[in-house]
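Numbering starts at 1 and runs along the sequence shown.
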Amino acid sequence: MAITKYRITIASTANTDIDEVLDTIDRAPCLDGICVSSPDASETDNRNGDSPTADTPNNGDESPSSTAGEAILRLGSMTGPTVWSEFGRLSQEHDVANLGQGFPDWLPPDFAVESLVSATVDSTKSPHQYTRTAGHPNLVKQLARRYSKHMGRNIDPMNEVSVTVGASQALYLSLQTLVKPGDEVILFEPFFDLYVNQIKLAGGTPVFVPLTFVPYNDGDDDDDEITGGTWILEPEKLESAVSSKTRAIILNSPHNPTGKVFTLSEMKTIAKNVEKAGPQCVVISDEVYKYIVHSPPEEEDDDIDGLASSARGHVHFASLPNMWDRTITVSSAGKTFSATGWQVGWCIAPSHLISPIHQLLPYVQFCASTVIQEALARTLPRADEPYEGYDSYYEYLNSTYRRKRDLLGRALTAAGFAIQDYDATPGGGFFIFARITPELRAAIPAERLEAPFARNPAAPGGVARLDWALCQWMAEEKGVLCIPSSPFFSTERALEGASDEFIRVAFCKEDETIERAATALMGLKGTAAEECHDDEMDAAVVADGEVVLNGSD
């Protein structure tokens, strides 16, 4: 089939060719599936953190800040540059091994692609027109069938399932249908930063409950080594945050950015506090990583008896006693099938929580892509079949991520980071929340921790602290891109230094990318990789397609 290449010109005084316009740095680069513009200084409300109000007089001023709608006013200064736009820019300007982006850089499994192709050309089904707004019939039936098994109850496909454009929209619609101005929504900190602004867009107030990092050598006064550790939920911190104003608690397990898998005991603590808050309180359970529990918790069989799970190591919060009626379960296909561009998500909940979402959906979009929904409906049953020598695709997926996790983990350890011990601490998702050691801090050029580097409008509070300085230096001078942890914390806690010691590193990458990153990481403790000590450089040796670290096969 012949392909015709069209050229378009923009009508302007210079009659500028579109290619010249497009050959610039993208001001809205996509990272982690979020596209955020980086406005010019004149386009933002302010740089002092003061949020404008609807009562601000216009006085004839037609600037964007004076004509902003309610949604932009609720976001306030959050509409400026972000970590995603900043590090997206760095990834374009520098030749880096990119471990920042939270999506796989390989094709979906063959059977998913085949399902997409077959759905596209199936003239009998004709999935190229609008479908049911609340979800394509074939897909909601598949989801209801699966979740009925996972939840241990019968799920009504038409009244207890809603299909959305990705999990992000599922979260957005859940909050929009639950939250009123004055309501509070609890977040476990650190948190995926999308949550904060979605709460604000709904008119709610985020309330942060910090998870506690417990180093492996905690309590050993004679051990000064910086180690990895475990993030835990301390019950008293949640209890002190819950009130009659609490409309929702967002639970994300496995957790982005730490990789934490919430324990059954912690889930029971959350359930107890949901009931304490009052009948208005609902849990939004974000379970997009449920099939990627690469280090399952060792729960006793008696402890999880009667609770529902879709994968080893994952417990659906909605299956806890009395929690079905108070939980919206959110998930998507993107992470599971390495197809984040498909953008199909869903909510599973009792009808009294799903019905408002069904009512709101037609005013957000008429329907998610019919073709993609049909493709996913055909993909889901095939994922349960044997795949690549494993009993199912899901087992293959976990094995793949476990290997990539260990590959990157060995490289991070050799480079001087402290990471989680997955034999001691459960883990899921595809991020390592690596801890910065004093050795690595000392390697950062001193000027990187001072002005002008320390001032960055994209950083929380406009201050680029240790985690940001390290990641920016690594991207600009060392050839590897990771994400600072501070954007995953509240501004107040980030400025207090709670996030200083951590960076988020993605291992959902091709082995070649991880191997390249491993070599780059070995240059962190010296001025260049070739100046590192021989035994350090020996840790980044490519053999049989893998980076093999000293003492590891």
K.L.:
Give the intermediate values and the outcome of side chain to side chain contact (heavy atoms under 4.5 Å, CB included) for residues Val282 and Thr327.
P.N.:
CA-CA 6 Å; Val282 171; Thr327 303; 5.9 Å; no
K.L.:
Determine yes or no for a side-chain-to-main-chain donor-acceptor pair under 3.5 angstrom, with Tyr289 supplying the side chain and Thr336 the backbone.
P.N.:
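Side chain of Tyr289 to backbone of Thr336, a donor-acceptor pair under 3.5 Å: no, none is there.
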K.L.:
Do the side chain of Ser162 and the main chain of Ile354 share a donor and acceptor less than 3.5 angstrom apart?
P.N.:
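Between the backbone of Ile354 and the side chain of Ser162 there is no qualifying donor-acceptor contact (under 3.5 Å).
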K.L.:
Give the C-alpha distance, both sets of side-chain angles, the deciding distance and a yes or no for salt bridge (Lys or Arg N to Asp or Glu O under 4.0 Å) between Arg516 and Asp95.
P.N.:
CA-CA 11 Å; Arg516 182 183 169 201; Asp95 183 19; 2.7 Å; yes
K.L.:
Would you say the side-chain atoms of Ser392 and Tyr387 include a donor-acceptor pair closer than 3.5 Å?
P.N.:
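Tyr387 and Ser392 do not have a side-chain donor-acceptor pair below 3.5 Å.
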K.L.:
Run Glu395 and Arg312 through salt bridge (Lys or Arg N to Asp or Glu O under 4.0 Å) and show every step you take.
P.N.:
CA-CA 9 Å; Glu395 290 191 13; Arg312 182 169 178 255; over 6 Å; no
K.L.:
Give me the atom names and distance for the closest heavy-atom approach of Glu510 to Asp105.
P.N.:
N-OD1, 2.7 Å
K.L.:
Do Cys347 and Ser174 touch side chain to side chain, with heavy atoms closer than 4.5 Å?
P.N.:
yes
K.L.:
Under a plain distance cut-off of 3.5 Å, with no hydrogens placed, do Ser285 and Glu287 share a side-chain donor-acceptor pair?
P.N.:
yes
K.L.:
Distance only, no hydrogens: is a donor on one side chain within 3.5 Å (strictly under) of an acceptor on the other, for Thr425 and Thr230?
P.N.:
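There is such a pair (donor and acceptor under 3.5 Å, judged by atom type) between the side chains of Thr425 and Thr230.
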K.L.:
Looking at every non-hydrogen atom in both residues, tell me the closest pair between Pro127 and Glu374 and how far apart they are.
P.N.:
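Looking at all heavy atoms of both residues, the shortest contact is CB-CB, 4.1 Å.
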K.L.:
When rounded to the nearest 0.5 angstrom, what is the spacing between NE2 in His136 and NZ in Lys141?
P.N.:
9.5 Å
K.L.:
Would you say Thr212 and Glu234 are linked by a side-chain donor-acceptor pair, where the criterion is simply a distance under 3.5 Å?
P.N.:
yes
K.L.:
Measure the acute angle between the ring planes of His316 and His150, then classify it against the limits of 30° and 60° as parallel, tilted or perpendicular.
P.N.:
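Aromatic pair His316/His150 classed parallel.
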K.L.:
Are the side chains of Trp468 and Trp473 in touch, meaning some heavy atoms are under 4.5 Å apart?
P.N.:
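Not in contact.
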K.L.:
Let me confirm one number: the CD1-CD distance from Ile348 to Glu160, rounded to the nearest 0.5 Å.
P.N.:
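Result: 8.5 Å between the selected atoms.
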K.L.:
Pro254 and Ile292: which non-hydrogen atoms are nearest, and at how many Å?
P.N.:
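Where Pro254 meets Ile292 most closely, the heavy atoms are CG-O, 4.1 Å.
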K.L.:
Go through the side-chain N and O atoms of Ser148 and Asn154 and say whether any donor and acceptor fall under 3.5 Å apart.
P.N.:
no
K.L.:
Tell me if a side-chain donor or acceptor on Asn252 pairs with a main-chain N or O of Asp286 at a distance below 3.5 Å.
P.N.:
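Checking the backbone N and O of Asp286 against the side chain of Asn252, a donor-acceptor pair under 3.5 Å is found.
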K.L.:
Is the closest side-chain donor-acceptor distance between Lys260 and Ser253 under 3.5 Å?
P.N.:
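Result is no, nothing qualifies.
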K.L.:
Should Ile270 and Val283 count as side-chain neighbours, where that means a heavy-atom distance under 4.5 Å?
P.N.:
yes
K.L.:
Does some side-chain heavy atom of Thr513 sit less than 4.5 Å from a side-chain heavy atom of Leu99?
P.N.:
yes
K.L.:
Identify the heavy atoms of Val371 and Ala119 that sit nearest to each other, and give their distance.
P.N.:
O-CB, 4.1 Å
K.L.:
Is there a side-chain contact between Arg326 and Pro350 in this structure, where contact means two heavy atoms from C-beta onward sitting under 4.5 Å apart?
P.N.:
no
K.L.:
So, the side chain of Asp391 versus the backbone of Pro386: is there a donor-acceptor pair under 3.5 Å, distance only?
P.N.:
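No.
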K.L.:
Between Lys478 (side chain) and Gly523 (backbone), is there a donor-acceptor pair under 3.5 Å?
P.N.:
yes
K.L.:
I'd like to know whether Gln101 forms a side chain to side chain contact (heavy atoms under 4.5 Å, CB included) with Lys509, so could you lay out the CA-CA distance, the side-chain angles of the two residues, the decisive distance to 0.1 Å, and finally the verdict.
P.N.:
CA-CA 9 Å; Gln101 294 170 294; Lys509 302 300 170 186; 3.7 Å; yes
K.L.:
Side chains of Tyr394 and Asp384: do they bring a donor and an acceptor to under 3.5 Å?
P.N.:
no
K.L.:
Can you tell if the side chain of Leu408 reaches within under 4.5 Å of the side chain of Val505, non-hydrogen atoms only?
P.N.:
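Result yes, sub-4.5 Å side-chain heavy-atom pair found.
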K.L.:
Do Arg378 and Ser118 have a side chain donor and acceptor closer than 3.5 Å?
P.N.:
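There is such a pair (donor and acceptor under 3.5 Å, judged by atom type) between the side chains of Arg378 and Ser118.
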K.L.:
Taking atom types as modelled and ignoring hydrogens, do the side chains of Gln169 and Gln343 form a donor-acceptor contact shorter than 3.5 angstrom?
P.N.:
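Per modelled atom types, Gln169 and Gln343 side chains form no pair under 3.5 Å.
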K.L.:
Are any of the side-chain heavy atoms of Val315 and Leu320 separated by less than 4.5 Å?
P.N.:
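Heavy-atom side-chain distance check passes, below 4.5 Å.
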K.L.:
Taking Ser265's backbone N and O only, do any of them form a donor-acceptor pair with Thr269's side chain (distance below 3.5 Å, no angle check)?
P.N.:
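Side chain of Thr269 to backbone of Ser265: a pair is present.
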K.L.:
Could you report the tightest heavy-atom contact between Leu380 and Gln142, atom names first, then the distance?
P.N.:
CD1-CB, 4.1 Å
K.L.:
Looking only at heavy atoms, which two atoms of Thr164 and Ala368 are closest? And how far apart?
P.N.:
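For Thr164 and Ala368, the tightest heavy-atom pair comes out as O-CB, 4.0 Å.
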K.L.:
Should the ring pair Tyr396 and Tyr393 be called parallel, tilted or perpendicular, given that the plane angle runs from 0 to 90° and is split at 30 and 60?
P.N.:
tilted
K.L.:
Can you tell me how far CD1 of Ile436 sits from CZ of Phe417, rounded to the nearest 0.5 angstrom?
P.N.:
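Phe417 CZ to Ile436 CD1: 6.5 Å, rounded to 0.5 Å.
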K.L.:
Indicate the ring-plane relationship of Phe489 and Phe433, choosing parallel, tilted or perpendicular according to the 30° and 60° boundaries.
P.N.:
parallel
K.L.:
Roughly how far, to the nearest 0.5 Å, is the CG atom of Leu470 from the CZ atom of Arg441?
P.N.:
10.5 Å
K.L.:
Classify the ring geometry of Phe213 against Trp231: parallel below 30°, tilted from 30° to 60°, perpendicular beyond 60°.
P.N.:
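Geometry flag for Trp231 against Phe213: tilted rings.
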K.L.:
First locate atom NE2 of His128, then atom OG1 of Thr120, and finally report the distance between them rounded to the nearest 0.5 Å.
P.N.:
5.5 Å
K.L.:
Using the ring-ring contact (aromatic ring centres under 6.0 Å, His included) rule, take Phe488 and Phe502 through it: C-alpha gap first, then chi angles, then the decisive distance, then the call.
P.N.:
CA-CA 10 Å; Phe488 303 107; Phe502 299 96; over 10 Å; no
K.L.:
Quick one: does Glu501's side chain have a donor or acceptor within less than 3.5 Å of a partner on Ala434's backbone?
P.N.:
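Answer holds: no.
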K.L.:
Which class fits the ring pair Phe262 and Phe188: parallel under 30°, tilted 30 to 60°, perpendicular over 60°?
P.N.:
tilted
K.L.:
Step by step, work out the side-chain hydrogen bond (donor to acceptor under 3.5 Å, both in side chains) result for Ser332 and Trp346.
P.N.:
CA-CA 6 Å; Ser332 72; Trp346 54 83; over 6 Å; no
K.L.:
Centres of the His294 and Phe507 rings: under 6.0 Å?
P.N.:
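Yes, close enough.
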K.L.:
Under a 3.5 Å threshold, yes or no: a donor from one side chain and an acceptor from the other, between Arg504 and Asn256?
P.N.:
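The criterion, which ignores hydrogens and geometry beyond distance, is satisfied for Asn256 and Arg504.
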K.L.:
Tell me, do Pro104 and Tyr401 make a side-chain contact under 4.5 Å, heavy atoms counted?
P.N.:
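A side-chain contact under 4.5 Å exists here.
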K.L.:
Can you check side-chain hydrogen bond (donor to acceptor under 3.5 Å, both in side chains) on Lys290 and Ser331, steps first, answer last?
P.N.:
CA-CA 8 Å; Lys290 67 179 181 290; Ser331 194; 2.9 Å; yes
K.L.:
So, Glu189 and Ser490: side-chain donor and acceptor under 3.5 Å apart, yes or no?
P.N.:
yes
K.L.:
How long is the span from the CD1 atom in Ile372 to the CG atom in Leu139, to the nearest 0.5 Å?
P.N.:
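So the gap between those two atoms works out to 11.0 Å.
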K.L.:
Could you tell me whether the side chain of Asn217 and the main chain of Ile226 form a donor-acceptor pair under 3.5 Å?
P.N.:
no
K.L.:
Please test Leu175 against Ile199 for side chain to side chain contact (heavy atoms under 4.5 Å, CB included), starting from the C-alpha separation and ending with a verdict.
P.N.:
CA-CA 7 Å; Leu175 289 164; Ile199 292 167; 4.1 Å; yes
K.L.:
Who passes ring pair (Phe, Tyr, Trp, His ring centres under 6.0 Å) against Trp324, sequence neighbours left out?
P.N.:
none
